[in-house]
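Inspection log for the structure reproduced underneath, given as structure tokens.
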Amino acid sequence: MTITIRHEKPADIDTIARLTKAAFENAEHSSHTEHFIVDALRRANQLSVSSVALENAAIVGHVAISPVTLSSGATGWYGLGPISVWPEHQGRGIGSMLMNAALTDLQRLGAAGCVVLGEPGYYGRFGFKAHPGLELPGVPAEYFQATAFASELPVGIVKYHEAFDASE
Ligand SMILES: CC(C)(COP(=O)(O)OP(=O)(O)OC[C@H]1O[C@@H](n2cnc3c(N)ncnc32)[C@H](O)[C@@H]1OP(=O)(O)O)[C@@H](O)C(=O)NCCC(=O)NCCS
């Protein structure tokens with residue numbers, strides 16, 4: 001397979017929405033609003049990274065990253081997600097390629113680090129782990145993970161952009 005990763009273009013937007021909706025349709029932990037979240041982040045100019053995976057010129061995956069805020073005042077932190085691969089293409093390494101590309105982009109942006117909410121078994125592969133003291137209220141601690149690029153891991157409460165409340 002030849003998969004390439006590039007940043008989103010305006011012509012990708014509708015496909016990204018359909019892909020995100022389809023990927024989360026049967027996901028175990030899903031609000032089923034993830035496609036609305038990506039659109040709301042874009043409208044709010046908060047898509048720090050939005051990259052697609054292409055195979056034979058067709059979009060097979062997408063990853064979004066947006067800034068988060070920390071109660072400690074620490075700056076330069078981002079949240080990864082949603083990340084989506086079409087169900088029929090899952091398990092082929094596409095998600096891993098998107099993860100690695102997105103984290104490389106973030107480091108190029110000079111980010112301090114990144115948080116993610118999801119399966120520790122998956123995100124642990126990319127250097128994420130849960131850290132006592134770094135908290136996303138309302139979720140089990142082991143599912144909220146972080147990786148620091150250069151700085152120390154901060155402590156405190158993390159807040160995603162209000163676009164994560166989008167429901168339409
Ligand atoms: C999560 C997702 C992006 C991973 O993409 P992918 O292309 O399937 O991932 P890869 O092929 O790179 O990696 C597959 C590996 O990850 C594991 N994996 C995939 N989803 C997982 C999950 N939710 N929990 C634990 N492991 C998972 C697979 O078992 C597989 O393991 P293996 O390499 O030992 O066989 C994709 O499965 C997806 O779109 N899922 C639905 C949406 C979702 O849940 N997104 C994440 C929450 S933001």
Side-chain angles (χ1 to χ4, degrees), residues 1-8 12-42 44 46-69 77-107 111 113-131 134-147 158-168:
M1 75 167 173
T2 305
I3 307 285
T4 54
I5 311 283
R6 64 155 171 77
H7 294 147
E8 77 163 39
D12 303 332
I13 289 174
D14 289 350
T15 307
I16 291 170
R18 284 188 289 111
L19 155 68
T20 307
K21 186 167 189 274
F24 281 91
E25 199 107 53
N26 297 312
E28 206 176 329
H29 303 285
S30 170
S31 56
H32 303 292
T33 58
E34 290 82 1
H35 52 303
F36 298 132
I37 294 171
V38 175
D39 284 342
L41 284 170
R42 189 182 294 108
Q46 295 288 307
L47 276 179
S48 313
V49 177
S50 179
S51 293
V52 292
L54 298 167
E55 185 173 35
N56 299 326
I59 293 176
V60 289
H62 173 256
V63 60
I65 295 186
S66 56
V68 296
T69 53
W77 282 80
Y78 293 81
L80 187 145
I83 176 167
S84 309
V85 173
W86 284 110
E88 60 270 35
H89 289 287
Q90 289 175 11
R92 299 177 55 214
I94 296 167
S96 299
M97 288 181 69
L98 283 164
M99 287 293 301
N100 289 324
L103 293 173
T104 300
D105 271 353
L106 262 193
Q107 290 178 68
C114 188
V115 298
V116 73
L117 176 62
E119 293 294 335
Y122 188 65
Y123 295 107
R125 300 169 181 217
F126 308 101
F128 287 90
K129 55 178 190 193
H131 294 274
L134 188 64
E135 192 189 328
L136 183 68
V139 305
E142 67 270 28
Y143 286 92
F144 187 60
Q145 303 144 71
T147 183
V158 177
K159 197 168 181 303
Y160 282 79
H161 190 266
E162 61 193 23
F164 279 80
D165 297 330
S167 58
E168 57 180 11

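As the structure lists them, so they are numbered: ligands from 1, and atoms in each ligand from 1.
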Polar contact flag for [X] and ligand 1 (N/O pairs, less than 3.5 Å):
| X | answer |
| --- | --- |
| G81 | no |
| P82 | no |
| H89 | no |

Protein residue, atom and distance nearest to [atom], heavy-atom basis:
| atom | result |
| --- | --- |
| atom 12 (O) of ligand 1 | S96 OG, 2.5 Å |
| atom 45 (N) of ligand 1 | I83 O, 3.0 Å |
| atom 8 (O) of ligand 1 | G91 N, 2.8 Å |
| atom 41 (C) of ligand 1 | A23 O, 3.2 Å |
| atom 39 (O) of ligand 1 | V85 N, 2.8 Å |
| atom 44 (O) of ligand 1 | F24 CE2, 3.8 Å |
| atom 24 (N) of ligand 1 | E119 CG, 3.0 Å |

Closest to [atom] (judged by heavy-atom distance), picking from [options]:
| atom | options | value |
| --- | --- | --- |
| atom 47 (C) of ligand 1 | Y122, Y123, W86 | Y123 |
| atom 5 (O) of ligand 1 | A64, A27, G95, G93 | G95 |
| atom 37 (O) of ligand 1 | H62, R125, Q90, M99 | Q90 |

- Query: Is the closest protein non-hydrogen atom to atom 32 (P) of ligand 1 under 4.0 Å?
  - Reply: yes
- Less than 4.0 Å between atom 22 (C) of ligand 1 and some protein heavy atom, yes or no? yes
- Does a side-chain heavy-atom distance below 4.5 Å link R125 with M99? no
- Message: Side chains of V115 and Y160, heavy atoms from C-beta outward: is any pair under 4.5 Å?
- Response: yes
- Query: Looking just at side-chain N and O atoms, do D105 and H7 make a donor-acceptor pair shorter than 3.5 Å?
  - Reply: yes
- Give a yes-or-no answer on whether the side chains of S66 and Q46 include a donor-acceptor pair shorter than 3.5 Å. no
- Atoms of ligand 1 less than 4.0 Å from S84 heavy atoms? 39 (O)
